[in-house]
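Every number for a ligand or one of its atoms is a count from 1 in the order of the listing. Computed over heavy atoms, backbone and side chain alike; hydrogens, waters and symmetry mates excluded.
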Amino acid sequence: MAIYVNKNNGFEQTEPTTRVCPHCGAHAQLLPVANPSFAVLVQTQPKHAGLLFRCAACNEPRFLRAAVRTIGSERVELAPNLVEVERARERFQYGYLPDTVEQLLRETLDCYSLGAHNAFATMCRRTTNTALRALGTATRTRWQDTLHEMLRACEIDAVTTSTLDAVLFGDDGELPAITPDEAAVLVEALKDLFYQSYVRTAKLRAAMKVRRFFAGESAATVTPLDREGWRELA
Ligand SMILES: [Zn+2]
């Protein structure tokens, strides 16, 4: 595959590019939207050119970068291996967290989105410690058990499991270095632990309060929690 910026500024690909979209999750085609003009490329002779596409599935913009291969008199050829510039931010229902935990978890997930995996691991330890100082030692043990159960259920190998355990619950010593694959497992595990302790707990309490209110309204008939509500909490 090759990419060309022609003299008339047309942006041409010999084959369509398809990528997993960080916005909608679809494996969709990238449709060309904009490129640096031929005149600018000839004049500035850059090493790389930025290209703007849009996702064929969700229409969100996708920013990519390509190395400039040759600058000819009729067209500029770009290298076919497009590098994604923008990564989607990890999402979390931050509104349920105490302020200090919220700030730390945001920065932790931003490190992951930036691909700074060891900075991410270091922030995972710090955020976990801050949360657990308030939640107590019983929660620490429960989180550790939940982590192991979660990783076992997903058939995660023993090395990754012990690395993740050391990152989150290790003593104050040095953290192990983590690979991109381990970071991808860690981010899901971390979000799950924080979701369980803060978001689900808060939603459950709210549901129980509503139930008690209606029970008080008509003391004789206690309405059981509806099944859909429970499914949402699970
Ligand atoms: Zn998309």
Side-chain angles (χ1 to χ4, degrees), residues 1-6 8-38 40-41 46-69 76-97 102 105-121 123-124 127 150 153-156 160 178-196 198-200 203 228 231-234:
M1 187 193 80
I3 303 170
Y4 301 105
V5 176
N6 295 318
N8 66 0
N9 291 329
F11 167 19
E12 182 190 316
Q13 286 177 283
T14 51
E15 277 173 46
T17 306
T18 308
R19 294 278 175 95
V20 173
C21 174
H23 303 284
C24 68
H27 193 83
Q29 197 180 331
L30 294 178
L31 305 171
V33 173
N35 57 276
S37 71
F38 178 81
V40 163
L41 292 172
K47 286 199 177 100
H48 297 93
L51 300 168
L52 174 62
F53 294 81
R54 65 185 173 88
C55 170
C58 72
N59 213 25
E60 281 294 307
R62 306 284 309 276
F63 301 92
L64 290 96
R65 185 174 54 213
V68 175
R69 261 192 184 161
V76 175
E77 184 181 346
L78 306 178
N81 49 326
L82 296 164
V83 178
E84 299 198 33
V85 174
E86 180 210 38
R87 286 162 179 258
R89 292 181 84 172
E90 288 292 319
R91 289 178 192 180
F92 193 85
Q93 290 169 276
Y94 292 107
Y96 291 92
L97 303 176
E102 177 188 345
L105 189 64
R106 276 186 192 279
E107 291 187 18
T108 306
L109 296 180
D110 282 350
C111 285
Y112 178 75
S113 301
L114 288 167
H117 295 136
N118 287 292
F120 164 63
M123 283 302 292
C124 279
T127 308
M150 194 191 302
C154 301
E155 294 175 355
I156 302 294
T160 304
I178 68 162
T179 64
D181 286 347
E182 287 167 340
V185 179
L186 180 56
V187 74
E188 293 308 324
L190 185 82
K191 285 195 291 186
D192 209 64
L193 292 171
F194 278 78
Y195 182 88
Q196 282 191 32
Y198 292 101
V199 184
R200 187 186 295 170
K203 286 186 173 180
E228 286 305 313
R231 198 165 301 138
E232 196 228 336
L233 296 167

Step by step, work out the side chain to side chain contact (heavy atoms under 4.5 Å, CB included) result for L109 and R89.
CA-CA 7 Å; L109 296 180; R89 292 181 84 172; over 6 Å; no
Assess whether side chain to side chain contact (heavy atoms under 4.5 Å, CB included) is satisfied between T160 and D181, documenting all intermediate values.
CA-CA 9 Å; T160 304; D181 286 347; over 6 Å; no
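Around the Zn ion (ligand 1), the protein atoms of type N, O or S found under 2.8 Å away are C21 SG, C24 SG, C55 SG, C58 SG, listed by chain and number.
In terms of heavy-atom proximity, P61 sits nearest to H23 at O-NE2, 3.7 Å. Residue K191 comes nearest to R91 through the heavy atom pair CD-O, 3.7 Å, listed as atom of the first residue, atom of the second, then distance. Closest approach of L51 and P36 over heavy atoms only: CD2-CD, 4.2 Å.
With sequence neighbours excluded, the residues forming a side chain to side chain donor-acceptor pair (under 3.5 Å) with R69 are E77, listed by chain and number.
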